[in-house]
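Notes follow once the structure below has been shown.
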There are 2 protein chains.
Amino acid sequence: MRKIRKFSAPEPSMRRLPAYLHVLTRLLRENRLYVSCTFISNELYLDPTQVRKDLALTGIVGKPRVGYSVEELIDKIKAFLGWDVQRNAFLVGVGNLGTALLGYQRFRLYGLNIVTAFDKDPRRIGKTIFGVDVLHVDKMTNLALRNKIDIGIITVGEDAAQEVADLMVQGFIKGIWNFAPKTLIVPDDVIVENAQLSVSLGVLTSKMKLSQTEKNMV
Amino acid sequence: MRKIRKFSAPEPSMRRLPAYLHVLTRLLRENRLYVSCTFISNELYLDPTQVRKDLALTGIVGKPRVGYSVEELIDKIKAFLGWDVQRNAFLVGVGNLGTALLGYQRFRLYGLNIVTAFDKDPRRIGKTIFGVDVLHVDKMTNLALRNKIDIGIITVGEDAAQEVADLMVQGFIKGIWNFAPKTLIVPDDVIVENAQLSVSLGVLTSKMKLSQTEKNMV
DNA sequence: TATTATTCGTGAATTAATTCTCTATTGGAG
DNA sequence: CTCCAATAGAGAATTAATTCACGAATAATA
Ligand SMILES: NC(=O)c1ccc[n+]([C@@H]2O[C@H](COP(=O)([O-])OP(=O)(O)OC[C@H]3O[C@@H](n4cnc5c(N)ncnc54)[C@H](O)[C@@H]3O)[C@@H](O)[C@H]2O)c1
Ligand SMILES: NC(=O)c1ccc[n+]([C@@H]2O[C@H](COP(=O)([O-])OP(=O)(O)OC[C@H]3O[C@@H](n4cnc5c(N)ncnc54)[C@H](O)[C@@H]3O)[C@@H](O)[C@H]2O)c1
């Protein structure tokens, strides 16, 4: 119910693609030309058929007995994830997490180009962090309208997240990457993705809890 | 194939639980005593039956016409996620991301107690960051053996991730929260959870790509 | 007190995702 | 040149997850 939009690819598959890319990038560095599903599945502890189905989503065609071209596969996966085009982004909230994201060069490989950062704390405004200028958040909406900005990254606290999202919507930003633990309310044509670190912690600790009880039962 | 272990709860459900917790924590602040699945489902744009099934995993029992006790539900979800006990953790790699994690107080609410941090860069060693001492990584294994450390957090680059994981395994750490884009090889009784930020970016950009093509077709 | 609307809980039905099975292709070994 | 082993690809079967449908409980209201 109420799934705003139906996107074509199965999410579980989509979530596995970046891991394939990590393996492939390493293989490219090692000058390997071809790779098989079996190889990838061994690297990542997945079922080879699952890998094959996932890769098929990208439209790649492999050669029997040989596998897929590493280079072509990288390109196809990147295209599928939308990482083959540059996207301009604004980041709001230059705190601990915001600063870390600004310093992460790998995002450029994925087409994410953070052009300017914003905060409301006067101590941060005017600084340049990892080459990115920090301006007052009041200037964000107008700047977004003037330049074309595709993605807004929210790394403010949860209290401020909705108001920042509103400013982004006013600036015609169509994709929001939200790190605050808060459900954002936005128009239908804006896509929100919540990056929830705590989910990952929960998966870890709940598995640890289960393996403890297993031990107790023995 | 080769799923190392089968854990009882469906992962999709487990991944939704932290979001329920966010809503519930807010309701607790607002002094609400009871909450229904319908309410939660509206907040998070989910199906109410799905919410009900997820919550049932925690063993909570609701009252018809009223819903669930907010306080009890919080406790049950925390217990289910393994967030009701304190776990001692070491963090290795006090760079951009490592520093951000050290400064994130919310993790304490989830039972994560980062007791010491480690690096190999002499400029970082000896500092205290957000109240956590930074020591040389060589001391990590012995300290882990001496104190009981449950979780190891890896925030070094991908090149160093495996060697750090090896040190953690030697220190009898049984859960590894890995932020490096690298598949770690560990013994069967060690649980690894990969926190992959790029996955979330991929979900966002691929959805943006699809909604663009939709527009072009109109 | 009787009625009504809301919500939980559960089993069935549906849909999605994964895994299995089989065929065809192809490069390399004999 | 022939055979073999590895692999892609596609459809079927299975398993997992989600959604639907309905009965029972209960607080609020008439
Ligand atoms: N630090 C982490 O490891 C971590 C992990 C998971 C989630 N998060 C989430 O990420 C967000 C940021 O976390 P953090 O640790 O970096 O917090 P932080 O307090 O270090 O940074 C928040 C920054 O946002 C700025 N800010 C606040 N309100 C603003 C507004 N209205 N407009 C512009 N700027 C504003 C503050 O000045 C500050 O610089 C939080 O929502 C947090 O829950 C952080
Ligand atoms: N910064 C981000 O936003 C971000 C996002 C996603 C993933 N990651 C991943 O997290 C990891 C850390 O990223 P970062 O941006 O903080 O990098 P960083 O370079 O800022 O920090 C890495 C730290 O690890 C230390 N280190 C390196 N080798 C070590 C070793 N063998 N033992 C102990 N310490 C060692 C370095 O001295 C440095 O302090 C990387 O694997 C990166 O891919 C980072």
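Below, chain A is the first sequence line, B the second, and so on; all start at residue 1. Hydrogens, waters and symmetry mates play no part in the numbers below; they use all other heavy atoms, side chains included.
Put simply, CG on A:Leu46 is 16 Å from P on C:dA17, counting in whole angstrom units. As a whole-Å value, the separation of A:Glu11 CD from D:dT18 C1' is 14 Å. Taking atom CG on A:Asp47 and atom P on C:dT21, their separation rounds to 12 Å, with Å as the unit. To the nearest angstrom, P of C:dT10 lies 12 Å from CG of B:Leu57. When rounded to the nearest whole Å, the span between CD of A:Gln50 and C1' of C:dC20 equals 13 Å. In this structure, the CZ atom of B:Arg15 is 14 Å from the P atom of C:dA17, given to the nearest Å.
Closest to the B:Lys53 side chain, of the nucleotides C:dT18, C:dA12, C:dC20, is C:dA12.
A:Arg32 forms a cation-pi arrangement with A:Phe39, by the criterion of a distance under 6.0 Å to the ring centre and an angle within 45° of the ring axis.
Residue A:Arg16 places at least one side-chain N or O under 4.0 Å from the OP1 or OP2 atom of C:dT18. Contact between the side-chain N/O atoms of A:Thr38 and the OP1/OP2 oxygens of D:dT7 is found at a separation under 4.0 Å. Contact between the side-chain N/O atoms of A:Arg52 and the OP1/OP2 oxygens of D:dG9 is not found at any separation under 4.0 Å.
Taking the six-membered ring wherever Trp is involved, the centroid distance between the rings of A:Phe90 and A:Phe118 falls below 6.0 Å. The distance between the ring centers of B:Phe107 and B:Trp83 does not fall below 6.0 angstrom.
Listed by residue number, the members of residues 60-83 of chain A with any heavy atom below 4.0 angstrom from DNA chain D are A:Val61, A:Gly62, A:Lys63, A:Pro64, A:Arg65, A:Gly67, A:Tyr68.
Within the nucleic acid shown, A:Ser36 comes within 4.0 Å of sugar-phosphate atoms alone, with no base atom in reach, counting heavy atoms only.
Residue pairs satisfying the salt bridge (charged side-chain N to carboxylate O under 4.0 Å, His left out) criterion with at least one member in residues 34-45 of chain A, sequence neighbours excluded, are listed as follows: A:Arg26-A:Glu43.
Residue A:Gln86 places its CD atom among more than 12 non-hydrogen atoms of other residues, nucleotides or ligands, all under 6.0 Å distant. The number of heavy-atom neighbours closer than 6.0 Å to CD of A:Glu72, taken from other residues, nucleotides and ligands shown, is above 12.
Ion pairing between B:Asp150 and B:Lys174 fails under the 4.0 Å rule for side-chain N and carboxylate O.
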